[in-house]
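Worksheet: the structure to be examined is printed underneath.
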Amino acid sequence: MSETTTTGTAQIGVTGLAVMGRNLARNFARHGYTVAVHNRSFAKTQSLVDEAGHEGAFVPSESMADFVASLERPRKVVVMVKAGGPTDAVIEELVPLLEEGDIVIDAGNAHFPDTIRRERALREHGLHFVGTGVSGGEEGALNGPSIMPGGTAESYKWLGPILEDISAKVDGVPCCTYVGPDGAGHFVKMVHNGIEYADMQLIAEAYDLIRQATGASAAQIGTTFEAWNAGDLESFLIEITADVLQHVDAETGSAFVDVILDQAEQKGTGRWTVQNALDLGVPITGIAEATFARALSGSVPQREAGRAALTADAAAWDVADKEAFVEDVRLALYASKVVAYSQGFDQIAAASAENGWDIDRGAMARIWRGGCIIRARFLNRITEAYERNPELPLLLADPYFADAVAQGVAAWRRVVAAAATHGVPVPAFSSSLAYYDGVRAERLPAALIQAQRDFFGAHTYRRVDKDGTFHTEWSGDRTETEQ
Ligand code: 6PG
């Protein structure tokens, strides 16, 4: 660390001025903060100051050393570069220039184990490392994102007020709160993205179901989504879907959605969410199916082979009562969405317990109400559920959600059954229903699996009628022994 104590006037700095960093820097400046700005190539720094200089006070620097020197102490440096190697490279360059108590903020989509590692390394230098989730895309970064900071509680004392200031507000409440130590902020952002995948897949399935069953045009379905957005399903993703479905391709005059290649991509946060859930043993089936559905869509040779060889053996679909069907889909979408969120919040609880993060799930729902991609009216209901019972073992079982899903469960079954009958894939709808039936089942066939495991591997089992662990001599006289 530097021996000097040069102190500048900038209250916060941003290094990495691609669109997210640039918009965050402008957001700080618009809120009256003096913002130090730096980028590997100075041209980007210069263009930011040229184009947005009138919005507030920027202090541009060409070198990292000048950038650091332009900051008041404790320095707060937001690193907004690509996750992985580029983030490590910037941190390596920064650390020798910083002094005890300074705060490095990684606002990219870092993988939370990397954040845990970096936090530990910087702590050894007497520095705070804050891995923070930032959601809302370019627009959110500029006008108010949802912000999920981890790191030390002490760093939040310095940083929290600034981040809360630039975050989105819902009913005057900032969409930013302290999440928990080390990797907690990036973990919560990762799960946010997993839920985002599930939400998007469910919406896509709802659109596909209506199109296939009723023959409605993309634009007509867009109007349906617009109407849905006035009710319980009100959310950013439903709103933009209504818009996208009504958009017409200028070149062909076709529905825009029809000219897009049907292969969904991903940068990896959904995959990380599923990988982590497997490690924790938390069934996040909605998120997993959504991630696999993207993978299937991109499996080009497999899809070609499947199209050529596999038959549907299903009748054409033309529902008689179109209005009733659309309402069934709406109810099924809501129920499936509750399942996806319930599973995501279970994952947060499990990781929080495992890592000692003490994450307040109600507060996470609160900071997701605005600014982020999954912002939705029903997040208020999730916050209320955790306020009623902070230890709620299953969000689905909260009286409000149990009742809401109960009202749609018959419709949900009709939709999933009809989709299966007509050969329309609805992996997220159907796996969510299967989860619902699984988690409420009196008894599961897992008992048989335990017997099979004991049969071929002497893996033992427990009994319903007494304590202890048992094994049956399957290849012998079939006596049972307590282990
Ligand atoms: C957000 C988004 C943002 C981005 C993700 C998802 O919260 O603002 O989640 O982080 O859209 O990277 O992108 P992929 O679909 O490419 O994984």
Side-chain angles (χ1 to χ4, degrees), residues 16 18-24 27 78-84 86-87 105-112 114-115 131-150 163 166-168 170 175-177 179 183-204 235-241 243-244 260-277 284 286-298 340-341 344 347-348 364-376 379 428:
V19 67
M20 286 296 286
R22 181 186 164 93
N23 283 359
L24 268 183
N27 191 350
V78 177
V79 177
M80 197 71 236
V81 299
K82 262 195 164 157
T87 302
I105 303 118
D106 176 7
N109 268 335
H111 197 193
F112 77 93
D114 287 339
T115 305
T132 184
V134 177
S135 177
E138 299 168 19
E139 215 267 339
L142 183 62
N143 297 316
S146 171
I147 311 181
M148 299 148 243
L163 296 182
I166 66 146
S167 73
V170 175
C175 293
C176 171
T177 194
V179 177
H186 274 142
F187 178 85
V188 162
K189 175 61 178 22
M190 180 191 79
V191 176
H192 164 284
N193 280 28
I195 294 174
E196 173 184 307
Y197 279 42
D199 222 339
M200 292 167 76
Q201 174 68 22
L202 288 168
I203 291 171
S235 61
F236 171 70
L237 285 170
I238 293 280
E239 183 192 321
I240 63 163
T241 305
D243 198 348
V244 167
I260 299 180
L261 202 63
D262 62 345
Q263 295 169 23
E265 299 182 7
Q266 63 160 311
K267 288 201 212 77
T269 44
R271 186 173 60 240
W272 291 342
T273 314
V274 179
Q275 284 168 340
N276 170 261
I284 54 159
I287 298 171
E289 287 296 349
T291 309
F292 286 133
R294 289 195 190 190
L296 188 149
S297 77
Y341 279 70
Q347 185 176 5
I348 291 176
M364 297 307 104
R366 194 171 60 241
I367 64 169
W368 288 348
R369 291 181 310 161
C372 66
I373 304 297
I374 64 170
R375 59 185 182 261
L379 284 157

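Every number for a ligand or one of its atoms is a count from 1 in the order of the listing.
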Output the list of atoms in ligand 1 that are nearer than 4.0 Å to some heavy atom of His192, sorted by atom number. 7 (O)
Near Thr269 (heavy-atom distance under 4.0 Å), the atoms of ligand 1 are 17 (O)
State which residue, out of Thr177, Ile166, Val179, Ile367, fulfils the side-chain contact (heavy atoms from CB on, under 4.5 Å) condition with Ile147. Ile166
Atom 6 (C) of ligand 1: nearest protein contact (heavy atom, Å): Glu196 OE2, 3.5 Å
Among all protein heavy atoms, pick out the one at the shortest distance from atom 5 (C) of ligand 1; state its residue, atom name and that distance to 0.1 Å. Asn193 ND2, 3.4 Å
Using side chain to side chain donor-acceptor pair (under 3.5 Å), reason through Lys189 and Asn109 one step at a time and then give a plain yes or no. CA-CA 8 Å; Lys189 175 61 178 22; Asn109 268 335; 2.9 Å; yes
Please state which protein non-hydrogen atom is closest to atom 7 (O) of ligand 1 and give its distance, to 0.1 Å? Ser135 OG, 2.4 Å
Might you work through the side chain to side chain contact (heavy atoms under 4.5 Å, CB included) test for Ser235 and Ile374, ending with a clear yes or no? CA-CA 7 Å; Ser235 61; Ile374 64 170; over 6 Å; no
Of all protein heavy atoms, the one nearest atom 16 (O) of ligand 1 is Lys267 N, 2.9 Å
Using a 4.0 Å cut-off to any heavy atom of Tyr197, which atoms of ligand 1 qualify? 14 (P), 15 (O), 17 (O)
Indicate yes or no: does an N/O atom of Gly136 lie under 3.5 Å from an N/O atom of ligand 1? yes
Numbered atoms and elements of ligand 1 in range of Ile373, under 4.0 angstrom, heavy atoms: 1 (C), 2 (C), 7 (O), 8 (O)
Using a 4.0 Å heavy-atom threshold (strictly under), name the region of Arg375 that reaches ligand 1: side chain, backbone, both or neither. neither
Looking only at heavy atoms, which two atoms of His192 and Cys372 are closest? And how far apart? NE2-CB, 3.4 Å
Determine whether more than 12 heavy atoms belonging to other residues, nucleotides or ligands lie under 6.0 Å from atom CD of Gln266. yes
How far apart are the closest heavy atoms of Pro86 and Ala83, and which atoms are they? CD-O, 3.8 Å
Any atom of ligand 1 sitting under 4.0 Å from a heavy atom of Gly137? yes
Is the His111 ring parallel, tilted or perpendicular to the Trp272 ring (thresholds 30°, 60°)? parallel
Got the closest protein heavy atom to atom 15 (O) of ligand 1, with its distance? Arg294 NH1, 2.9 Å
Are any of the N/O atoms on Gln266, whether in the backbone or the side chain, positioned under 3.5 angstrom from an N/O atom of ligand 1? no
If you measure every N or O of Glu265 against every N or O of ligand 1, does any of those distances drop under 3.5 Å? no
Heavy atoms only: give me the nearest Trp368-Leu379 pair and the separation to one decimal. O-CD1, 3.1 Å
Using a 3.5 Å distance criterion without hydrogens, assess whether the side chain of Arg22 forms a donor-acceptor pair with backbone atoms of Ala18. no
